[in-house]
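Before any comments, here is the structure.
What you see is a predicted model, and the numbers here were worked out from it, not measured in a lab.
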Amino acid sequence: MPIQNFRSLNPKDINNLEDATTKAFWQNIEDVRMTVDWLDFAVEHMSRWYKKLDVLNANNNDVAINKITGNFLKYMQATPARTKALMVAMCKSKSAPSTTSTSTTVRPLLHPTISVISFGPILKKNSTPLEMERSRNLTITTLGATMTSLLRVGFGQVVCTGIDDIDEIFVMDTFDLIRRQYEDYFAMNHDNGDAILTTELAYVRITDKEMYKYKYKDVNRPKASIYGLQKALTRKYNKTDDDGNNATKTEQWVGTMHKPSYRKYVYSTEPDLILQTRVASLPAIHKALERGRVLMPHRL
């Protein structure tokens, strides 16, 4: 959605996990649009499938879990070539924007987007060691596939939010896994990476419980993400983060490679929703956003 629409959302109205979407819909109902063709803008909800298969259960064999995590890894491995193809397509397009008014660097149309993933690990209560290992592998590969689906459309900033040490460990391990896919691609193709989109990845730990608690459960992660990004966009964070690090909270949210004013759109999602679209559809999506439309993906 356009960033001005995101700024106007009221996180206090979010009382359950689904409200992050429904409130955005009803508040912007006159401007909400969906694509006619589902595959032009849709998300695949992956957890619904592996929950049905009960893939974490130690009593089940490892065929299903290995197949799922293996396919996610293949998807990640194929992403560097896809992002390079996106850059090549943008270089050929006269509508692709530059990073600044004086720069000749071409960026994808949706590069000014901040994508926020409200992260939570896939964990099973009272897990056995085998179930814990499966949970870790499934969490990292699912999040990795979700994140690389965002790289494929050219989003310039991908932020994962979390609330504790476990969240941070999983997210940072995922970042490392994605980085290795690009390093391997560069080595195999003798590519220095100049033609591949630079997307900033960031983890933001939300420590203020008031931002994520709500009356039904102790934690509402989408609510915390909306609160946090709105706070960053209005420059309400102190110069150092809660741990005293040099990077400001605002920089963690909006990135360091561009001024905050560069960011024009916000895409909010979950760690198990893989975005599906077509490169040929991106100009129409961009045009709709520029007209102030709030785009809702189909859910597969």
Side-chain angles (χ1 to χ4, degrees), residues 1-11 20 23-24 27-28 31-33 41 83 86-87 90-91 93-118 147 150-161 194 196-206 208 211 222-242 245-269 275 282-296:
M1 68 171 63
I3 207 162
Q4 62 268 23
N5 297 73
F6 176 81
R7 287 174 183 266
S8 66
L9 291 178
N10 185 0
K23 297 297 182 182
Q27 186 169 320
N28 298 280
D31 291 314
V32 170
R33 298 291 187 274
F41 192 53
T83 55
L86 174 64
M87 289 300 294
M90 290 300 101
C91 287
S93 172
K94 295 182 180 179
S95 60
S98 298
T99 54
T100 68
S101 58
T102 59
S103 173
T104 58
T105 302
V106 175
R107 299 294 183 188
L109 293 170
L110 300 183
H111 192 263
T113 301
I114 301 175
S115 175
V116 182
I117 301 174
S118 302
M147 290 181 65
L150 308 181
L151 302 186
R152 290 181 179 211
V153 298
F155 291 164
Q157 175 78 358
V158 177
V159 179
C160 288
T161 62
D194 288 345
I196 293 184
L197 166 68
T198 299
T199 296
E200 294 186 72
L201 307 181
Y203 173 75
V204 176
R205 183 166 179 167
I206 297 174
D208 183 355
M211 292 173 66
K223 178 180 181 180
S225 295
I226 293 173
Y227 259 127
L229 181 54
Q230 286 183 339
K231 193 173 180 180
L233 293 172
T234 53
R235 308 291 187 87
K236 291 183 178 179
Y237 283 113
N238 295 326
K239 288 188 176 181
T240 57
D241 65 21
D242 297 331
N245 296 323
N246 291 328
T248 67
K249 282 285 189 180
T250 298
E251 288 174 341
Q252 288 179 313
W253 282 101
V254 303
T256 59
M257 297 179 63
H258 305 278
K259 295 180 179 179
S261 58
Y262 173 74
R263 306 302 179 189
K264 298 172 64 177
Y265 322 114
V266 175
Y267 177 80
S268 179
T269 190
L275 179 61
L282 297 182
I285 291 173
H286 176 255
K287 182 181 291 186
L289 290 169
E290 286 292 285
R291 290 176 174 174
R293 305 306 186 192
V294 175
L295 304 182
M296 296 282 183

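- Expressed to the nearest 0.5 Å, how far CD1 of I3 lies from CG of L289 amounts to 11.5 Å.
- Rounding to the nearest 0.5 Å gives a distance of 5.5 Å between CE of M257 and CD of E200.
- For the atom pair OG (S115) and CE (M147), the distance works out to 8.5 Å, reported to the nearest 0.5 Å.
- When all heavy atoms are compared, the tightest approach of S225 to T161 is OG-OG1, 2.8 Å.
- Checking side-chain atoms of Q157 against main-chain N and O of Q252 turns up a donor-acceptor pair under 3.5 Å.
- R152 contributes atom CZ, which lies 10.5 Å from atom CG of L275 (distance to the nearest 0.5 angstrom).
- The minimum heavy-atom distance between A24 and L9, with the atom names listed, is CA-CD2, 3.8 Å.
- Within the 4.5 Å cutoff, the side chain of V153 has no heavy atoms near those of the I285 side chain.
- No side-chain heavy atom of L295 sits under 4.5 Å from any side-chain heavy atom of Y267.
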Do F6 and I114 pass the side chain to side chain contact (heavy atoms under 4.5 Å, CB included) test, and can you show the C-alpha distance, the side-chain angles, and the key distance before you say yes or no? CA-CA 11 Å; F6 176 81; I114 301 175; over 6 Å; no
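- In this structure, L151 CG and T83 OG1 are separated by 7.0 Å, a value rounded to the nearest 0.5 Å.
- Here the side chain of R263 pairs a donor or acceptor atom with the backbone of V254 at under 3.5 angstrom.
- Annotation: side chain of P283 is in contact with side chain of L109 (closest heavy-atom distance under 4.5 Å).
- At a threshold of 4.5 Å between non-hydrogen side-chain atoms, the residues K287 and R293 do not count as touching.
- With hydrogens and angles ignored, the 3.5 Å screen pairs a side-chain donor or acceptor of T199 with a backbone N or O of F155.
- In this structure, the separation between OH on Y227 and CG on N10 is 6.5 Å, given to the nearest 0.5 Å.
- Paired with Y265 under the rule side-chain contact (heavy atoms from CB on, under 4.5 Å), one option of M1, H111, H286 passes, and it is H286.
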